[in-house]
Amino acid sequence: MECRVCGELEGKPHYGTVCCASCKAFFRRRFLNNEKKECRNGNRCEISASNRKNCSSCRYKKCLEVGLKTEEIRGKRKCSPLPNITTLAIPTSSKFIDISYEDAMRIADMYLNLEL
DNA sequence: CATCAAGGCCAT
DNA sequence: ATGGCCTTGATG
Ligand SMILES: [Zn+2]
Ligand SMILES: [Zn+2]
């Protein structure tokens, strides 16, 4: 699997997507200590394995675009992983299905946007 | 006990 | 600040 952020070959599952060890570390650091840097190219840098350290702003943006999830950052080693499965009760059918955490959040979002 | 993935460590 | 490798806690 290749890193979805920079294209590095040695990508593994991290924070809900596939990325390399360096992008994983970068994403975590950047989120935890809120290190910010401004892009000089109008936030339009293409990220590759060779230029990824040039613009950390665009790199972080790319991380979010390809789906690295900040909610998977625990901050401490002790914290439990998020369950990626949740049970959904289907109204009137008395049935239950298992859906992913992602889908659960989507559904919750749709629900909150309903006009009742 | 084996595997997965997050955090910690530390040389660069 | 970066990134490779190690340790750890959860899980089946
Ligand atoms: Zn990467
Ligand atoms: Zn940039």
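A note on names: the letters A, B, ... follow the listed sequences, proteins ahead of strands, and every chain is numbered from 1.
- The separation between A:Leu9 atom CG and C:dG4 atom C1' is 16 Å, rounded to whole Å.
- Here OH of A:Tyr15 is found 5.5 Å from CZ of A:Arg28. Values are rounded to the nearest 0.5 Å.
- In summary, contact between chain A and DNA chain B, defined as any nucleotide atom under 4.0 Å from a heavy atom of the protein, begins and ends at B:dA5 to B:dG8 in the 5' to 3' direction.
- At C:dT2, one or more side-chain N or O atoms of A:Arg29 fall inside 4.0 Å of OP1 or OP2 (strictly under the cut-off).
- Under the salt bridge (Lys or Arg N to Asp or Glu O under 4.0 Å) criterion, the residue pairs touching residues 3-23 of chain A are A:Glu8-A:Arg52, with sequence neighbours excluded.
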Using a cutoff of under 3.5 Å, can you pull out all pairs of nitrogen or oxygen atoms linking the protein to nucleotides 5-12 of chain C, with atom names and distances?
residue : atom : partner : partner atom : Å
C:dT7   : O2   : A:Arg77 : NH1          : 2.9

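- With sequence neighbours excluded, no residue forms a salt bridge (charged side-chain N to carboxylate O under 4.0 Å, His left out) with A:Arg59.
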Apply side chain to side chain contact (heavy atoms under 4.5 Å, CB included) to the pair A:Phe27 and A:Cys19, showing each step before the final yes or no.
-> CA-CA 10 Å; A:Phe27 183 64; A:Cys19 70; over 6 Å; no
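- Between atom CG of residue A:Leu68 and atom NZ of residue A:Lys24 there is a gap of 11.0 Å, rounded to the nearest 0.5 Å.
- Every residue meeting the side chain to side chain donor-acceptor pair (under 3.5 Å) condition with A:Ser57, not counting sequence neighbours, appears here in chain and number order: A:Asn43.
- Across all their heavy atoms, A:Val66 and A:Val5 have their closest contact at CG2-CG2, 3.6 Å.
- Checking the phosphate oxygens (OP1, OP2) of C:dA1, no side-chain nitrogen or oxygen of A:Arg28 falls inside 4.0 Å.
- What separates CG of A:Asn34 from C1' of C:dA1 is a distance of 15 Å, to the nearest Å.
- Looking at residues two or more places apart in sequence or on another chain, you find no salt bridge (charged side-chain N to carboxylate O under 4.0 Å, His left out) involving A:Lys37.
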